[in-house]
Amino acid sequence: MSDDDGLKPLDPAYVAEVISNPPFVSIPGVSNVRDLGSYPTTSSNAMTKPGYAFRAAEVSNITKEGAEQMRSLHITTVFDLRSDPEMTKYSTPIPTIEGVHIIRVPVFKKEDYSPESMAKKFELYASGTTEAFIQLYSQILNHGGKAFGTILRHVRDKPNSPFLFHCTAGKDRTGIMAAILLKLASVDDHYICHDYSLTRIGREPDREKVIRRLSTEPLFAANTDAALRMLTSRYSTMVAFLELLERVYGGVEEYVKKYCELTEEDISRIRTNLVSPRSRI
């Protein structure tokens, strides 16, 4: 999908067609769900393991049917990257899903939600520029090591226990975690950027709900375009993020060693557990 400014609604028929096909997965009550499996890796005979790692937006409104679908996907663990203040603000508590263990792994601390801090973040988001997102994504990398490390240790230790991770929109914190997983699995940057850009379509059914939610913020109340710019997920933004990851953090392996406190042996096992033999057709 080519870059766009994210301001115009997408054709509903197009959205419905895309989200009804892989890598999108239907879990009623949860939007923007995708399977990170079946992406080719740099190894000619391996791909990312289907039905193992799922990304999504918040799961607070999962329905009974959605919970049944989650169990049918054999998802045993959900990692929630959100912090308390946003759950309270948006009235999106952690649900109880029978047979599924939900683990809190907040990227940001409560103090990161001070009015001053949030005003600065919203101002960056509202600009919608690649440079602004890179500033925000740098903050996510700097604060997210412990949260991301918890998820990576699940991959290291539980290769046969499918899991789902999410934030609020399933775009920024979730997008960074997805990129880390796919980079560790040796997926080409093109596919990582494509996966990130699919959120533009995956979030579209919730477009009006998100605008209503953001309209409670003074910066966005009279500026719908600013709210929509906050939700952009352009291919080029992920290109810039991957460049940042290399240039500033020394690449994904150096990042997870320093910020997630993982070893070379851990990384090797994680890479093995993220892939499976490529299917022959």
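For the numbers below, each heavy atom of this structure counts, side chains included, while hydrogens, waters and symmetry mates do not.
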(Q) Does H74, at its NE2 atom, have more than 12 non-hydrogen atoms belonging to other residues, nucleotides or ligands within less than 6.0 Å? (A)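 For H74, atom NE2 is not crowded (no more than 12 foreign heavy atoms under 6.0 Å).
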Q) Should we say atom CD of E261 is surrounded by more than 12 heavy atoms from elsewhere, each under 6.0 Å from it? A)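 Counting other residues, nucleotides and ligands, CD of E261 stays at 12 neighbours or fewer.
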Q. With ring centroids as reference points, do F79 and F165 lie under 6.0 angstrom apart?
A.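 No: the rings miss the under 6.0 Å criterion.
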Q. Any chance the rings of Y39 and H194 have centres within less than 6.0 Å?
A.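 Centroid distance Y39-H194: not below 6.0 Å, so no.
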Q: Check the pair D35, R55 against salt bridge (Lys or Arg N to Asp or Glu O under 4.0 Å), reporting the backbone distance first and the verdict last.
A: CA-CA 7 Å; D35 184 350; R55 57 174 296 174; over 6 Å; no
Only pairs under 3.5 Å count here: list side-chain donor-acceptor contacts from residues 117-125, not counting sequence neighbours, and write none if there are none.
from: S117; atom 1: OG; to: D112; atom 2: O; distance (Å): 2.8
from: Y125; atom 1: OH; to: D172; atom 2: OD2; distance (Å): 3.1

Q: Would you please name every residue forming a salt bridge (charged side-chain N to carboxylate O under 4.0 Å, His left out) with E86, sequence neighbours left out?
A: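 Listed in chain order: R173.
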Q. Can you name the salt bridge (charged side-chain N to carboxylate O under 4.0 Å, His left out) partners of E264, sequence neighbours left out?
A.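 K257.
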(Q) Could you check whether S161 and Y52, counting side-chain N and O atoms only, form a donor-acceptor pair closer than 3.5 Å? (A)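 S161 and Y52 do not have a side-chain donor-acceptor pair below 3.5 Å.
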Q: Please determine if R213 forms a cation-pi arrangement with Y90, meaning its NZ or CZ atom is less than 6.0 Å from the six-membered ring centre and no more than 45° off the ring axis.
A: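 Flagged: R213 positioned over aromatic ring of Y90.
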Q | T168 side chain vs E58 backbone, donor-acceptor pair below 3.5 Å | A |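 Judged by distance alone, no pair lies under 3.5 Å.
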(Q) Applying salt bridge (Lys or Arg N to Asp or Glu O under 4.0 Å) to R269 and D266, what does each step give before you reach the verdict? (A) CA-CA 5 Å; R269 201 182 312 167; D266 293 330; 5.1 Å; no
Q.
Using side-chain heavy atoms (C-beta onward) and a distance below 4.5 Å, is R200 in contact with L10?
A.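 Yes, side chains in contact.
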